[in-house]
Amino acid sequence: MDLLLKIWRQKNSTEKGGVQNYRIKNIEPDMSFLEMLDVLNQQLINEGDDPIAFDHDCREGICGSCSLVINGAPHGPDKGTTTCQLHMRKFKSGDTIYIEPFRSSSFPVIKDLVVDRSAFDRIQQAGGYVSINTSGNTVDANATPIPKPDADEAFKSAACIGCGACVAACKNSSAMLFVGAKVSQYAHLPQGKVERKERVINMVEQMDKEGFGSCTNTGACEAHCPKDISLDNIMRLNQEYLKSKIL
Amino acid sequence: MQSSIVKKVLMALSGIFLMFFLLQHLAINLTSLIPDDGKTFNAISHFMGYNPIVQFILQPILIFGVCFHFIMGLILEYQNRKARNKKYIYHNTNSSWISKNMIITGLVILAFLALHFYDFWIPEMEYKYINYEDSDPTKYFHELKEKFNGETYRTAIYCVSFILLGMHLNHGLSSSFQSVGVTPSRDRLLRKVANIYSFGISLGFIAIAVFHYFIH
């Protein structure tokens with residue numbers, strides 16, 4: 001496959017970036033998208049150019065490190081797939097592919113396609129956890145009976161890998177799908193009941209502090225989520241927040 | 001009021017309140033289509049225009065609701081635009097035009113409201129509270145006829161505004177129930193109610209304007 005890549009290049013967070021064109025040849029259709037970028041980077045290194053910076057880690061759709069907005073879609077054209085699991089067979093030889101970083105005021109560009117997503121870490125630190133006694137008396141998680149429907153719902157929400165595609169897809173850069181998934185995950189489980197009130201209030205407060213926009217229910221986040229996290233999580237977040245404030 | 005969720009909930013609640021108002025406004029205006037020379041329409045309009053509870057309690061609440069909904073909408077729009085500082089070069093979206101452009105349909109409705117107030121509400125306030133004219137319980141139907149009969153531009157502007165109002169309501173209704181945490185916005189029953197309500201409001205008001213445009 002021969003491709004024309006239009007890639008966002010930016011030296012650092014303060015300099016103005018822009019799109020640069022790269023022609024790449026002999027790409028195998030069975031390569032992953034990131035492997036294609038690896039080939040391009042090797043080509044750039046051989047030519048003495050600065051390789052393109054992009055985030056990646058596990059390359060098996062679990063860690064949430066990879067990002068990229070490919071042809072306007074966070075994680076590319078495949079539904080329910082991370083960039084690292086996207087394959088080049090999704091494209092045709094001769095295609096032009098636009099590759100941009102996730103865009104949000106709360107995710108500033110560090111370099112090229114790498115953005116600072118530490119805002120998500122701070123939201124998680126504000127309440128996305130359960131306090132467990134780890135002083136040698138830890139109770140086995142499976143010893144607490146949980147109704148199957150609750151466990152299933154919690155698991156669906158827990159599938160969120162915190163990649164930030166929801167923020168990148170939303171016209172308001174809203175993080176409510178991410179926060180909703182984290183709040184819902186614990187709200188369904190008995191282990192999450194103890195800190196239920198503080199969790200949602202603190203996480204929403206931190207989300208607002210980070211400067212994310214608010215949800216206008218366009219559904220773009222759900223459509224682009226690589227883990228198919230449902231919009232219902234936002235409804236549950238609103239519910240949990242109101243309950244915590246009123247009751 | 002600082003929390004984004006609280007702002008969204010207040011936006012939704014004021015929207016739900018305005019949706020109830022629109023329903024009663026349409027119900028009253030539909031009586032102008034009854035072939036009784038406007039007797040029913042005049043009677044209800046006169047009651048609404050001179051009842052102290054409607055005039056001095058419900059009307060101020062309504063005006064507050066309208067202003068609040070618009071101001072909160074503009075505040076949220078400003079904050080949302082600030083949150084997305086840079087646009088994509090290649091834009092590909094999966095959302096509907098209506099859901100992404102509530103601010104546009106909202107601003108058109110705001111402009112329409114200014115025209116609607118100029119046409120009906122300001123003359124009414126002048127008549128009652130500035131000139132202190134004696135009340136004429138038969139004037140409402142004639143005023144309505146006068147505004148629309150043969151008035152192509154006004155009727156067209158009203159009709160276009162009603163279409164955009166319907167679009168705004170369609171997303172607004174389902175969205176508001178999600179914002180208050182009652183049910184997901186794509187809930188089948190909620191979507192049906194939103195479609196019927198928005199289509200009904202839009203078509204109802206258009207029918208009234210078109211009817212009075214053609215029938216003298």
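The analysis underlying the following values was restricted to heavy atoms, covering all of them including side chains, and did not include hydrogens, waters or symmetry mates. In what follows, every chain begins at residue 1, and chains take the letters A, B, ... in the order their sequences are listed.
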Legend entry - Heavy-atom proximity to chain A below 4.5 Å, by part of T183(B):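 For T183(B), backbone heavy atoms alone lie under 4.5 Å from chain A.
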Legend entry - chain A contact via V9(B) - side chain, backbone, both or neither, heavy atoms under 4.5 Å: side chain
Taking atom [atom1] of [X] and atom [atom2] of [Y], what is their separation to the nearest 0.5 Å?
| X | Y | atom1 | atom2 | result |
| --- | --- | --- | --- | --- |
| Q178(B) | R236(A) | CD | CZ | 10.5 Å |
| N80(B) | C215(A) | CG | SG | 9.5 Å |
| K82(B) | S106(A) | NZ | OG | 10.0 Å |
| I97(A) | Y90(B) | CD1 | OH | 10.5 Å |

Which of [options] touches chain B most, by non-hydrogen pairs under 4.5 Å:
| options | answer |
| --- | --- |
| V69(A), L237(A), I234(A), I201(A) | V69(A) |
| E205(A), E210(A), H224(A) | H224(A) |
| F212(A), F107(A), W8(A) | W8(A) |
| T216(A), V204(A), N71(A) | N71(A) |
| G219(A), G213(A), S214(A) | S214(A) |

How about [atom1] on [X], more than 12 heavy atoms from neighbouring residues, nucleotides or ligands closer than 6.0 Å, or not?
| X | atom1 | result |
| --- | --- | --- |
| R191(B) | CZ | yes |
| K243(A) | NZ | yes |
| I130(B) | CD1 | yes |
| F211(B) | CZ | yes |
| K79(A) | NZ | yes |
| K192(B) | NZ | no |
| F120(B) | CZ | yes |
| F199(B) | CZ | no |

Legend entry - Least distance between heavy atoms, Q239(A) atom then V182(B) atom: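 Residues Q239(A) and V182(B), closest heavy atoms: NE2-O, 4.4 Å.
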Inset, instruction - Please report the shortest heavy-atom distance between P184(B) and D232(A), naming the atom on each side. - result: CB-OD1, 3.3 Å
Legend entry - Test side-chain contact (heavy atoms from CB on, under 4.5 Å) applied to K245(A) and I5(B), step by step: CA-CA 11 Å; K245(A) 282 282 183 188; I5(B) 292 185; over 6 Å; no
Inset, instruction - Could you walk me through whether S179(B) and N217(A) pass side-chain contact (heavy atoms from CB on, under 4.5 Å), step by step? - result: CA-CA 8 Å; S179(B) 292; N217(A) 301 318; 3.8 Å; yes
Any donor-acceptor pair under 3.5 Å from [X] side chain to [Y] backbone:
| X | Y | answer |
| --- | --- | --- |
| E100(A) | I89(B) | yes |
| D208(A) | S4(B) | yes |
| R103(A) | R84(B) | no |

Segment of [X] engaging chain B (4.5 angstrom heavy-atom cut-off):
| X | result |
| --- | --- |
| P77(A) | neither |
| L242(A) | side chain |
| E240(A) | neither |

Inset, instruction - Pick whichever of M11(B), K87(B), H171(B), R186(B) has the most heavy-atom pairs under 4.5 Å with chain A. - result: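 Most heavy-atom pairs within the cutoff with chain A belong to R186(B).
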Inset, instruction - Tabulate, in ascending numerical order, the residues of residues 97-109 of chain B having at least one heavy atom closer than 4.5 Å to a heavy atom of chain A, or enter 'none'. - result: S99(B), K100(B)
Legend entry - Worked check of side-chain contact (heavy atoms from CB on, under 4.5 Å) between V6(B) and Y241(A): CA-CA 9 Å; V6(B) 171; Y241(A) 187 84; 3.7 Å; yes
